[in-house]
Student: 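Take this structure first; my questions come after.
None of these values were measured; they are calculated from a predicted model.
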Amino acid sequence: MLRDNEDPQELLKRVSEVVNLNGASSHLTSIYPSLTKNILTTNYNYTLNCPPAFDFSVRNKIYKNISENYYSLFRGYKDEKRQIWNIHGEIKNPKSILLGHTQYSKYMGQVKDYLYSGIQYSRVSGITKSPLSGKTPNFNFEDDGTIYSWVDLFLKDEIHVVGLGLDFSEIILWWLITEKMALQARFNQKAGDLIYYDIQSPESIDTAAKKCTRSMLTDLGAKIIPIKATSYDDGYRKIANRIKPGVVEAYHNDDWDLLSNL
């Protein structure tokens, strides 16, 4: 809690410190980065940037020439095989941590500018604009050298939502889901689905809020996949194996070569 006249940046610094202390990796954070080339995470820490799936020793910024102090359109790291995007900010830069309605609203404005009018960055020539904007979207942006953001991946790719409640405070993601479904309606062979995994275990309580989330996602065209599990841990394992069969067994058999090549 902040006292009167206290700098809001102090709260962000404290959040950064707490998240850093509680950001230990686990078997699940070792498994999940091996599932895909691009990971979009709302976590502020770097628990997903871990071996064997991600080579932390050679990580680099995805875009070295783009500097963002507050927003996180291009914030993330890559090794030779994967890219992990910190879409809600990162502990290394406390000012970027996304907290509160005001920050969400400003960030949403930045995303809208990127999609429709473009943004000027000091070390990038010209206007940086989404390759998916306009009447003829460029769906080949990953292959032709075009600058792109996590927003473009979210709109274009098949998205698997794991471990995110998606409550209605996530106004940016909800807006992008509507944009994604509109894009899919226009280019149904080029824009992928959004798949939401709903873990159902003795630990979970099916609240009214969760039911509203599922109902809204269904209305927008997303696919809801119920996962029957004995615990959240069991549920996350089942989801991982559903996305990439055999990945959990490979981890438990210490098959590092298989994991690093997935």
Student: Are the side chain of Asp193 and the backbone of Ile195 linked by a donor-acceptor contact shorter than 3.5 Å?
Tutor: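 Judged by distance alone, no pair lies under 3.5 Å.
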Student: Surrounding NZ of Lys228 (heavy atoms of other residues, nucleotides or ligands, distance under 6.0 Å), is the total greater than 12?
Tutor: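 Open: at most 12 neighbouring heavy atoms sit under 6.0 Å from NZ of Lys228.
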Student: Looking at Leu35 and Lys244, what are the two nearest heavy atoms and their distance?
Tutor: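 Answer, listing the atom of Leu35 first, then Lys244: O-NZ, 3.4 Å.
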Student: Is there side-chain contact between Val247 and Ser34, with heavy atoms separated by less than 4.5 Å?
Tutor: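 In short, these two side chains touch, coming nearer than 4.5 Å.
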Student: Using modelled atom types and a 3.5 Å cut-off, is there a donor and acceptor pairing between side-chain atoms of Arg82 and backbone atoms of Pro33?
Tutor: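 Judged by distance alone, yes, a pair lies under 3.5 Å.
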Student: Looking at every non-hydrogen atom in both residues, tell me the closest pair between Glu90 and Tyr77 and how far apart they are.
Tutor: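 For Glu90 versus Tyr77, the nearest heavy atoms are OE1-OH, 2.8 Å.
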Student: Distance-only, no hydrogens or angles: does the Gln83 side chain make a donor-acceptor pair with backbone N or O of Lys37 under 3.5 Å?
Tutor: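 Here the side-chain-to-backbone pair does not exist.
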Student: Supply the atom-to-atom distance Asp219 CG to Met181 CE, rounded to the nearest 0.5 angstrom.
Tutor: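 Asp219 CG to Met181 CE: 11.5 Å, rounded to 0.5 Å.
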Student: How long is the gap from CG on Leu40 to OG on Ser149, to the nearest 0.5 Å?
Tutor: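 Going from CG on Leu40 over to OG on Ser149, the span is 9.0 Å.
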Student: Quick one: do Phe141 and Leu153 satisfy side chain to side chain contact (heavy atoms under 4.5 Å, CB included)? Show the steps, please.
Tutor: CA-CA 10 Å; Phe141 55 79; Leu153 295 170; 4.0 Å; yes
Student: If we ignore hydrogens and angles and just use 3.5 Å, is the side chain of Gln103 paired with the main-chain N or O of Ile97 as donor and acceptor?
Tutor: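 At least one qualifying donor-acceptor pair exists.
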Student: In residues 130-137, what donor-acceptor pairs under 3.5 Å come from side-chain atoms, sequence neighbours left out?
Tutor:
residue : atom : partner : partner atom : Å
Ser130  : OG   : Leu132  : N            : 3.0
Ser130  : OG   : Asp152  : OD1          : 2.5
Ser133  : OG   : Ser130  : O            : 2.8

Student: Group every Ile, Leu, Val, Met, Phe, Trp and Tyr by side-chain heavy-atom contacts under 4.5 Å, then state whether Leu73 and Ile127 land in the same group.
Tutor: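 Looking at the clustering, Ile127 is in a separate group from Leu73.
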Student: Taking the six-membered ring of Tyr70, is NZ or CZ of Lys106 closer than 6.0 Å to its centre and within 45° of its axis?
Tutor: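 No.
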Student: Taking the inter-plane angle between the rings of His88 and Tyr104 on a 0 to 90° scale, is it parallel (under 30°), tilted (30 to 60°) or perpendicular (over 60°)?
Tutor: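 Judged by the thresholds at 30° and 60°, the geometry between His88 and Tyr104 is perpendicular.
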Student: Test side chain to side chain contact (heavy atoms under 4.5 Å, CB included) on Arg237 and Ile31 and set out the steps.
Tutor: CA-CA 9 Å; Arg237 290 167 184 262; Ile31 291 171; 5.6 Å; no
Student: If you round to the nearest 0.5 Å, how far is CD1 of Ile239 from CG of Asp234?
Tutor: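 These two atoms lie 10.0 Å from each other.
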Student: Is a side-chain donor or acceptor of Arg75 paired with a backbone partner of Tyr71 at a separation under 3.5 angstrom?
Tutor: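 Side chain of Arg75 to backbone of Tyr71, a donor-acceptor pair under 3.5 Å: yes, one is there.
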Student: Keeping the roles fixed (side chain from Gln200, backbone from Pro226), state whether a donor-acceptor pair exists under 3.5 Å.
Tutor: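 Judged by distance alone, no pair lies under 3.5 Å.
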Student: For the CD1 atom of Ile224 and the CG atom of Asp198, what is their distance to the nearest 0.5 Å?
Tutor: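 The CD1 atom of Ile224 sits 7.5 Å away from the CG atom of Asp198.
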Student: Please determine which of Tyr196, Tyr32, Tyr197 meets the ring-ring contact (aromatic ring centres under 6.0 Å, His included) test together with His160.
Tutor: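 Only match with His160 under ring-ring contact (aromatic ring centres under 6.0 Å, His included): Tyr197.
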Student: If every non-hydrogen atom of Asn38 is compared with every non-hydrogen atom of Thr36, which pair is closest and at what distance?
Tutor: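 Closest heavy-atom pair between Asn38 and Thr36: O-CG2, 3.0 Å.
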Student: Using side-chain contact (heavy atoms from CB on, under 4.5 Å) as the criterion, point out the one residue from Val162, Leu48, Asn86 that pairs with Ile39.
Tutor: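 With Ile39 as partner, side-chain contact (heavy atoms from CB on, under 4.5 Å) holds for just one option, Leu48.
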Student: Which of these, Ile159, Leu155, Leu220, sits in a side-chain contact (heavy atoms from CB on, under 4.5 Å) with Ile177?
Tutor: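 In the set Ile159, Leu155, Leu220, the residue that makes a side-chain contact (heavy atoms from CB on, under 4.5 Å) with Ile177 is Leu220.
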Student: Heavy-atom distance under 4.5 Å between the side chains of Tyr44 and Leu99, does that happen here?
Tutor: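 In contact.
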Student: Could you tell me whether the side chain of Asn43 and the main chain of Asn45 form a donor-acceptor pair under 3.5 Å?
Tutor: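 Here the side-chain-to-backbone pair does not exist.
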Student: If you take all heavy atoms of Gly163 and Tyr236, which pair is closest and at what distance?
Tutor: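 For Gly163 versus Tyr236, the nearest heavy atoms are CA-OH, 3.5 Å.
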Student: Between Trp174 and Leu217, is there a side-chain heavy-atom distance shorter than 4.5 Å?
Tutor: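 Heavy-atom side-chain distance check passes, below 4.5 Å.
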Student: Quick one: do the Asp233 and Ser231 side chains pair a donor with an acceptor below 3.5 Å?
Tutor: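 No, no side-chain donor-acceptor pair sits under 3.5 Å.
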Student: Applying side chain to side chain contact (heavy atoms under 4.5 Å, CB included) to Leu173 and Ile87, what does each step give before you reach the verdict?
Tutor: CA-CA 10 Å; Leu173 293 179; Ile87 70 173; 4.2 Å; yes
Student: Are the side chain of Tyr46 and the backbone N or O of Lys92 linked by a donor-acceptor pair below 3.5 Å?
Tutor: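 At least one qualifying donor-acceptor pair exists.
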Student: Can Asp206 and Arg214 be counted as an ion pair, charged N to O under 4.0 angstrom?
Tutor: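 Yes, this pair counts.
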Student: Which atoms form the tightest heavy-atom contact between Tyr63 and Trp85, and what is the distance?
Tutor: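 Minimum heavy-atom contact is CE1-CH2, 4.2 Å.
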Student: How long is the straight-line distance from CG of Asn60 back to CD of Glu80, given to the nearest 0.5 Å?
Tutor: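 The distance works out to 9.5 Å.
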Student: Find the distance between OG1 (Thr207) and CG (Asp167) and round it off to the nearest 0.5 Å.
Tutor: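 If we round to the nearest 0.5 Å, Thr207:OG1 and Asp167:CG are 10.0 Å apart.
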Student: Run the side-chain donor-acceptor check on residues 118-125: report pairs under 3.5 Å with partners two or more places apart or on a different chain.
Tutor:
residue : atom : partner : partner atom : Å
Gln120  : NE2  : Val124  : O            : 3.2
Gln120  : NE2  : Gly126  : O            : 3.1
Arg123  : NH2  : Lys64   : O            : 3.0

Student: Could you tell me whether the side chain of Leu164 reaches within less than 4.5 Å of the side chain of Glu170, counting heavy atoms only?
Tutor: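 They are in side-chain contact.
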Student: Take Leu183 and Arg186 through the side chain to side chain contact (heavy atoms under 4.5 Å, CB included) test and state the conclusion after the steps.
Tutor: CA-CA 5 Å; Leu183 192 68; Arg186 292 170 57 204; 4.3 Å; yes
Student: Can any side-chain N or O of Lys61 pair as donor or acceptor with the backbone N or O of Phe74 at less than 3.5 Å?
Tutor: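 Not confirmed, Lys61 side chain does not pair with Phe74 backbone.
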Student: Heavy atoms only: give me the nearest Asn93-Glu68 pair and the separation to one decimal.
Tutor: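 The pair with the smallest heavy-atom distance is ND2-O, 3.7 Å.
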Student: Please check this pair: side chain of Asp79 against backbone of Lys81, looking for a donor-acceptor N/O pair closer than 3.5 Å.
Tutor: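 Between the backbone of Lys81 and the side chain of Asp79 there is a qualifying donor-acceptor contact (under 3.5 Å).
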Student: So, do Lys156 and Tyr148 sit near enough that their side-chain heavy atoms are less than 4.5 Å apart?
Tutor: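 Sidechains of Tyr148 and Lys156: no contact.
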